[in-house]
There are 2 protein chains.
Amino acid sequence: MLDPETAAPCCPPLTERPLTAEEAERTAKMFKALGDPVRLRLFSLVASHEGGEACVCDISDVGVSQPTVSHHLKKLKEAGLLASERRGTWVYYRVEPSVLAAMGQTLGQY
Amino acid sequence: MLDPETAAPCCPPLTERPLTAEEAERTAKMFKALGDPVRLRLFSLVASHEGGEACVCDISDVGVSQPTVSHHLKKLKEAGLLASERRGTWVYYRVEPSVLAAMGQTLGQY
DNA sequence: CACCTGATTCGATATGTGTCAACATAGACA
DNA sequence: TGTCTATGTTGACACATATCGAATCAGGTG
């Protein structure tokens with residue numbers, strides 16, 4: 001999980017000035033989380049799912065075992081990209097809204 | 001190096017529909033390339049350098065050895081994020097312009 | 001309670017990756 | 001040609017990570 005204090009307004013556009021070591025460390029975590037094909041598909045499945053959230057059962061069909069899916073979802077949570085909530089039998093994941101904006105800003109688009 | 005045919009118009013926004021396995025494979029490569037702090041700093045150093053390009057000598061001060069810098073620059077080239085050109089003694093790197101736009105589009109911003 | 005299903009954690013393994021020292025290559029210049 | 005400087009490549013190593021099967025946990029339901 002990312003500290004909410006440090007998560008929200010991270011870093012300037014890559015084209016504005018060189019990133020400091022600390023900024024690079026933080027920003028790289030987000031890109032790294034999306035740098036795996038399975039995680040990218042899982043993230044896309046959640047992000048594009050109706051209602052903005054999906055339970056694990058909805059998105060488990062990406063060609064790897066269920067423990068592996070769980071492992072990747074955990075990584076996405078630790079990177080601050082997804083949030084999860086258990087409601088009864090199922091666990092629902094949704095996209096952490098501020099993150100896409102932060103990454104977009106890092107890429108220099110507003 | 002990325003095939004120019006497949007590099008330019010890659011993938012739809014992550015929020016539009018689930019990525020296919022092939023789309024995820026291609027897109028993940030770009031994110032993965034920026035998923036290392038050293039590479040992110042190198043990329044930012046090039047992207048923010050005056051004239052849009054920088055020679056290796058300008059950006060080598062990121063706390064790792066020169067071979068390691070060379071290794072990371074190669075990775076960024078293979079991911080299609082940077083292009084290089086030798087002019088006399090020095091090798092200049094510049095940002096591949098279409099890439100930031102492609103990644104921005106993937107994040108759902110236009 | 002027992003049982004079933006969904007989801008996570010654990011343990012093990014194979015593969016990938018970041019790093020450096022040593023070496024190789026490419027231009028510039030004398 | 002030889003030498004100096006700037007980059008790139010190789011080989012080796014430690015560490016991280018993606019993956020799976022098995023075990024475990026959490027919530028229903030009977």
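These figures come from a predicted structure and were not determined experimentally. Sequence lines set the chain letters: A, B, ... in the order given, protein chains first and strands last, and positions in each chain run from 1.
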In this structure, how many angstroms lie between the [atom2] atom of [N] and the [atom1] atom of [X], rounded?
| X | N | atom1 | atom2 | result |
| --- | --- | --- | --- | --- |
| A:Lys77 | C:dT8 | NZ | P | 8 Å |
| B:Leu73 | C:dT19 | CG | P | 12 Å |
| A:Leu76 | C:dT8 | CG | C1' | 15 Å |
| B:Arg41 | C:dG18 | CZ | C1' | 16 Å |
| B:Arg87 | D:dT7 | CZ | C1' | 15 Å |
| B:Asp61 | D:dA6 | CG | P | 14 Å |
| A:His71 | D:dA16 | NE2 | C1' | 10 Å |
| B:Arg86 | C:dA28 | CZ | P | 8 Å |

Among D:dT9, C:dT19, D:dG27, the one nearest any side-chain atom of B:Pro67 is D:dT9
Please confirm whether the shortest side-chain N or O distance from [X] to OP1 or OP2 of [N] is below 4.0 Å.
| X | N | value |
| --- | --- | --- |
| B:Ser70 | D:dG8 | yes |
| A:His72 | D:dT19 | yes |
| A:Ser65 | D:dC20 | yes |
| A:Lys32 | D:dA16 | no |
| B:Trp90 | D:dT7 | yes |
| A:Lys74 | C:dT9 | yes |
| B:Tyr93 | D:dG8 | yes |
| A:Thr89 | C:dG6 | no |

Can you check side-chain contact (heavy atoms from CB on, under 4.5 Å) on B:Leu100 and A:Thr15, steps first, answer last? CA-CA 10 Å; B:Leu100 285 180; A:Thr15 56; 4.0 Å; yes
State, with a plain yes or no, whether a side-chain heavy atom of B:Phe31 is found less than 4.5 Å away from one of B:Met103. yes
Would you say the side chain of B:Leu34 lies within less than 4.5 Å of the side chain of B:Leu76, judging by non-hydrogen atoms? yes
Interatomic distance, B:Arg26 atom CZ to B:Leu19 atom CG [nearest 0.5 angstrom]: 9.5 Å
Between CD1 of B:Ile59 and CZ of B:Phe43, what distance do you get to the nearest 0.5 Å? 11.0 Å
Please work out if A:Val38 contacts a base, only the sugar-phosphate, or nothing of the nucleic acid, heavy-atom cut-off 4.0 Å. sugar-phosphate
Hey, does A:Arg39 reach any base, or is it just sugar-phosphate, or nothing, if we go heavy atoms under 4.0 Å? sugar-phosphate
Is it true that the NZ or CZ of A:Arg87 lies under 6.0 Å from the centre of A:Tyr92's six-membered ring and within 45 degrees of the ring axis? yes
By nearest heavy atom, map A:Ser60 and B:Gly88 onto DNA chain C; which one lands nearer the 5' end? A:Ser60
Nearest-nucleotide check on DNA chain D, A:Thr68 vs B:Val56; residue mapping nearer the 5' end is B:Val56
Any donor-acceptor N/O pair under 3.5 Å between C:dG6 base and A:Gln66 side chain: no
